[in-house]
Amino acid sequence: MNHPPAAALTHDEEERSSRLIDAFRGAVGRPAGFLVRAPGRVNLLGEHTDYNGLPVLPMAIDRSVMIALAPRQDRTIRLFNTSPQFTPCTYELSDAIPPYADGNWGNYSKAAAQGLARHCGARLQRGADLLIDGNIPAGAGLSSSSALVVANALAVLAANDIDLPYESLAELLPLAERYVGTLSGGMDQATSLLARAGHALRIDFFPLRVRTVPLPAGYSIVVCHSLVQAEKSGAAKRAYNLRVIECRLACRVLDRLLGTGVPRRLDTFGDLTVFFPHRPLLDFLSYLTAQLPERPLSLSEIAALIGTSPERLYEECGAVGDAFALLPRTRHVLSEAERVEQAERALRDGDALAFGQLMDASHGSCRDDYDISCPELEELIRIAKEAGAVGARLTGAGFGGCTVNLVAEPEVPAFLMRLDRYFYRSRLAHSERVGQYRFLFKPQAGAAVYAL
Ligand code: NG1
């Protein structure tokens with residue numbers, strides 16, 4: 001076994017899982033053989049750095065996807081969900097599974113199954129009946145989609161009695177999740193699989209490396225939902241993918257500017273840390289600043305800078321947009337990676353105030369240079385700062401979703417009261433529980449499989 005022993009379920013999870021196991025028998029007509037739990041995550045710092053090969057600082061939250069399952073003798077996967085909004089679906093395991101329509105929840109299961117079928121080959125023989133229960137809000141930047149992919153992958157592996165190291169899964173599943181059309185990085189799957197209770201993680205990519213980072217004593221992490229859903233099946237997916245392409249294009253321009261100074265083509269900004277391990281990343285911004293305007297560029301302008309044709313570039317990056325803000329995007333990514341380095345040091349030194357300042361700076365950069373904030377997130381951040389948050393920033397992909405706040409423990413009750421009064425009260429119906437939308441949590445352990 002290359003993964004930690006399954007962490008004990010909390011009291012709430014015990015109750016949730018026994019309801020799920022009972023419901024499985026009702027829905028499927030036979031007992032479940034396994035239970036899987038895969039948590040969502042909140043990212044403390046390092047936004048939109050993962051697909052650039054640069055580090056992140058996330059931790060697992062106490063909301064998760066749970067699956068009760070029983071193996072089948074054929075290669076059919078049957079999906080049921082405790083929420084009636086997600087209608088049941090059925091498909092066959094194979095290494096080329098045709099997708100459902102864009103936005104169908106079953107595609108996240110298919111993404112995991114196809115990825116595993118390609119990786120495991122003939123060893124993957126058995127399908128399964130799965131009853132899925134999730135309590136991570138969707139489109140909230142808390143990684144509900146990757147938790148669903150991770151949980152489905154562990155369910156299919158359990159049904160087939162295959163034990164893959166979690167580290168391998170954490171490298172395989174981000175590529176598998178591209179099945180749904182998002183060009184995402186690997187932070188979410190790695191956190192869901194490899195998180196440690198009571199800690200944040202520093203994760204580096206290509207190759208994946210993970211180490212635990214302590215959290216400052218005497219402070220709480222509070223997550224607040226802006227009530228704007230950034231569903232990754234619509235406009236948020238296009239906006240996310242555009243950022244990925246802008247970064248790739250900026251690397252192409254930088255590669256050209258560095259000329260023979262790089263040993264091989266610069267594919268991601270992270271390659272800079274491999275080629276020039278002793279140079280601060282922000283040094284490289286000056287190359288682009290000297291050559292590029294602040295304004296977005298057209299594909300033809302970028303092609304001219306790289307020395308290729310617009311048609312060729314269009315083929316390479318797809319029809320994701322017609323204006324590419326290379327300089328501001330680079331400034332965010334390179335400065336954010338530096339902030340992760342400083343933040344890890346601040347956390348190891350127990351310096352919560354320094355860490356909070358880095359969170360604030362990260363938010364400014366996400367808003368101004370990466371353009372992923374929205375009015376509701378800005379209002380939440382303003383209220384949080386007025387209410388005494390030491391640091392406050394948007395978390396996850398952005399375009400809505402949640403903020404993450406560092407708050408001194410004695411100030412948490414007053415902080416929550418102010419948020420309720422100035423943000424949530426006018427927006428939520430009386431019947432809605434505000435605790436669903438803003439919550440504190442203890443960092444959780446990563447995913448686990450339990451034989452029943
Ligand atoms: P969320 O917020 O969970 O959609 C997305 C990406 C991450 C990362 C962050 C931004 C997916 C599945 N995940 O997370 O890989 O790039 O945005 O830091 O798209």
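Model, not experiment: these values are computed from the prediction. Both counts, for ligands and for their atoms, begin at 1 and track the order of listing. Side chains included, hydrogens not; waters and symmetry mates left out as well; all remaining heavy atoms used.
- Both tests hold for Lys110 against Tyr100: distance to the six-membered ring centre under 6.0 Å, angle to the ring axis within 45°.
- Ligand 1 places these atoms under 4.0 Å from at least one heavy atom of Gly185: 15 (O).
- At least one donor-acceptor pair under 3.5 Å links the side chain of Arg118 to the backbone N or O of Asp95.
- For the ring pair (Phe, Tyr, Trp, His ring centres under 6.0 Å) test with Tyr51, the passing option among Tyr240, Phe269, Phe206 is Tyr240; the others fail.
- Leu215 and Pro443 get closest at one heavy-atom pair: CD1-CG, 3.3 Å.
- Remark: ligand 1 atoms within the under-4.0 Å shell around heavy atoms of Thr182 are 19 (O).
- Polar contact check, Tyr240 against ligand 1: a nitrogen or oxygen pair lies under 3.5 Å apart.
- The Tyr51 neighbourhood of ligand 1 comprises atoms 16 (O), with distances under 4.0 Å to a heavy atom of that residue.
- Side-chain contact check for Ile77 versus Thr90: every heavy-atom pair is 4.5 Å or farther apart.
- Geometrically, Arg427 engages Phe423 in a cation-pi contact, judged by NZ or CZ lying under 6.0 Å from the ring centre and within 45° of the ring axis.
- Counting heavy atoms under 4.0 Å from ligand 1, residue Ser146 touches it through the side chain alone.
- Less than 4.0 angstrom separates some heavy atom of Asp50 from each of these atoms of ligand 1: 7 (C), 8 (C), 15 (O), 16 (O).
- Geometrically, ligand 1 and Ala397 share a nitrogen or oxygen pair separated by less than 3.5 Å.
- Note: His225 and Phe439 fail the aromatic proximity criterion, with ring centroids not under 6.0 Å apart.
- Residue contacts with ligand 1: His48 is placed with a nitrogen or oxygen under 3.5 Å of a nitrogen or oxygen of the ligand (distance criterion only).
- Here Arg339 pairs with Glu336 in a salt bridge; the nearest charged N to carboxylate O distance falls below 4.0 Å.
- Side-chain contact between Ser365 and Arg331 is absent, with no heavy-atom pair separated by less than 4.5 Å.
- Not a single N or O atom of Glu177, backbone or side chain, sits closer than 3.5 Å to an N or O atom of ligand 1.
- Geometrically, ligand 1 and Ser143 share a nitrogen or oxygen pair separated by less than 3.5 Å.
- Listed by atom number, the atoms of ligand 1 under 4.0 Å from Met187 heavy atoms are 8 (C), 9 (C), 18 (O).
- Residue contacts with ligand 1 include Arg41, since one or more of its heavy atoms lies under 4.0 Å from the ligand.
- Ligand 1 has no N or O atom lying under 3.5 Å from any N or O atom of Ser145, backbone or side chain.
- Per-residue contacts place Glu47 under 4.0 angstrom from the following atoms of ligand 1 (heavy atoms of the residue considered): 10 (C), 18 (O).
- Under the 4.5 Å side-chain criterion, counting only non-hydrogen atoms from C-beta, Leu79 is not in contact with Phe86.
- Here's the thing with Gly396: none of its N/O atoms is less than 3.5 angstrom from an N/O atom of ligand 1.
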